[in-house]
Novice: 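Please read through the structure below; I'll follow up with questions.
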Amino acid sequence: MPPKKKQKVSTDTESTKKATKKVSVSYSHWLMKSEPESRFENGVDMKFSIEDLQKCSNQTDCWDGVRNYQARNFMRDQMKVGNKIFFYHSNCKVPGIAGICQIVKEGYPDHTAFDKKDPHYDKLSDPKNPRWYMVDVKFERMLKRFIPLSELKALYLKHKQSDGPLKNLALFTAARLSVQPITSEEWNFIMELENKESTA
DNA sequence: GCCAACGTTGGC
DNA sequence: GCCAACGTTGGC
């Protein structure tokens, strides 16, 4: 179970309140970022591609290592079994959406936060009062074609002008979040892209 | 490798 | 509770 995104620890104060207070629409679609190319953090390789997920036992793995409150809150409070997820490849030669997976286990404590040897260890996370949560995700399928960030970016810019479905895509409006909500409208639009020729 | 954007921290 | 300094993300 390789660690996922690099997200540094911070203290649990304002951000938690801010992030949990906001009761918003509930989502059933998500985008999760992972790095498909090797990058070492405290001597541990962060690489975890969709192919790596496919190779996992039962094609399922825990999404550990997220250390951002907004992302944690989505995993702890909002992600439900059966929700669909875009598996996004980030920090690599060609970033973009590679495939689809789904939630098979809802939020539970991220044990890597308790492990001193883990690169995402957080001494402030107490097993009796865990600070960080994760979900389990299962591979569903690859997209018929990889949808590159460049194509999504071009559409996002176009839609901002034309009031189109991707005008608020979190990939650009909350670019640094590693676990992002996707509206049904966004999901459906992107799902249709895989049947079309690339425009980027 | 650079660096803009933005989240977090900590002094006040 | 403001906000400048700092650190990180992640595309380029």
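Chain letters run A, B, ... following the sequence lines, proteins first and then strands; every chain starts at 1. Keep in mind that the numbers below use all heavy atoms, side chains included, and drop hydrogens, waters and symmetry copies.
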Novice: Once you round it to whole Å, what is the distance between P of dG1(B) and CZ of R39(A)?
Specialist: 14 Å

Novice: Considering residues at least two apart in sequence or located in another chain, which fulfil the side chain to side chain contact (heavy atoms under 4.5 Å, CB included) criterion with K105(A)?
Specialist: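 In terms of side chain to side chain contact (heavy atoms under 4.5 Å, CB included), with neighbours along the sequence ignored, K105(A) is linked to Y108(A), D136(A).
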
Novice: Rounding to a whole Å, what distance do you find between E35(A):CD and dT8(C):P?
Specialist: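 After rounding, the reported distance stands at 14 Å.
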
Novice: Rounded to the Å, how far apart are L152(A) CG and dC12(C) P?
Specialist: 12 Å

Novice: Take atom NZ of K47(A) and atom C1' of dG10(C), then tell me their distance rounded to the nearest Å.
Specialist: 18 Å

Novice: Is any side-chain N or O of K33(A) closer than 4.0 Å to OP1 or OP2 of dG10(C)?
Specialist: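 Affirmative; the distance criterion is met.
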
Novice: Sequence neighbours excluded, which residues qualify as side chain to side chain contact (heavy atoms under 4.5 Å, CB included) partners of E51(A)?
Specialist: S49(A), Q54(A), H89(A), M142(A)

Novice: Between dT9(C) atom P and Y69(A) atom OH, what is the distance in whole Å?
Specialist: 14 Å

Novice: Protein-nucleotides 5-7 of chain B N/O pairs closer than 3.5 Å?
Specialist:
{"unit_1": "dC6(B)", "atom_1": "O4'", "unit_2": "R176(A)", "atom_2": "NH1", "d": "2.3"}
{"unit_1": "dC6(B)", "atom_1": "O2", "unit_2": "R176(A)", "atom_2": "NH1", "d": "3.4"}
{"unit_1": "dC6(B)", "atom_1": "O2", "unit_2": "R176(A)", "atom_2": "NH2", "d": "2.5"}

Novice: Starting from C1' on dT9(C), measure out to NE2 on H120(A) and report it in whole angstrom.
Specialist: 14 Å

Novice: Give the rounded distance in Å between these two atoms: CD of E37(A) and C1' of dC12(C).
Specialist: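 That distance rounds to 14 Å.
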
Novice: If you compare every side-chain N and O of Y88(A) against the phosphate oxygens of dT9(C) (OP1, OP2), does one of them come in below 4.0 Å?
Specialist: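 Checking dT9(C) against Y88(A), no side-chain N or O comes under 4.0 Å of OP1 or OP2.
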
Novice: Show me the side-chain donor-acceptor pairs of residues 185-193 of chain A shorter than 3.5 Å, one per line, residues at least two apart or across chains.
Specialist:
{"unit_1": "E186(A)", "atom_1": "OE1", "unit_2": "T183(A)", "atom_2": "N", "d": "2.9"}
{"unit_1": "E186(A)", "atom_1": "OE1", "unit_2": "T183(A)", "atom_2": "OG1", "d": "3.4"}
{"unit_1": "N188(A)", "atom_1": "ND2", "unit_2": "S184(A)", "atom_2": "O", "d": "3.2"}

Novice: Using atom CE of M46(A) as one end and atom C1' of dT8(C) as the other, report the distance to the nearest whole Å.
Specialist: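 Roughly 15 Å, once rounded to whole Å.
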
Novice: Taking only residues two or more places apart in sequence or in another chain, which ones pass side chain to side chain contact (heavy atoms under 4.5 Å, CB included) with S162(A)?
Specialist: H159(A)

Novice: Can the ring centroids of W30(A) and Y88(A) be said to lie less than 6.0 angstrom from one another?
Specialist: no

Novice: What residues form a side chain to side chain contact (heavy atoms under 4.5 Å, CB included) with N58(A), not counting sequence neighbours?
Specialist: T60(A), K138(A)

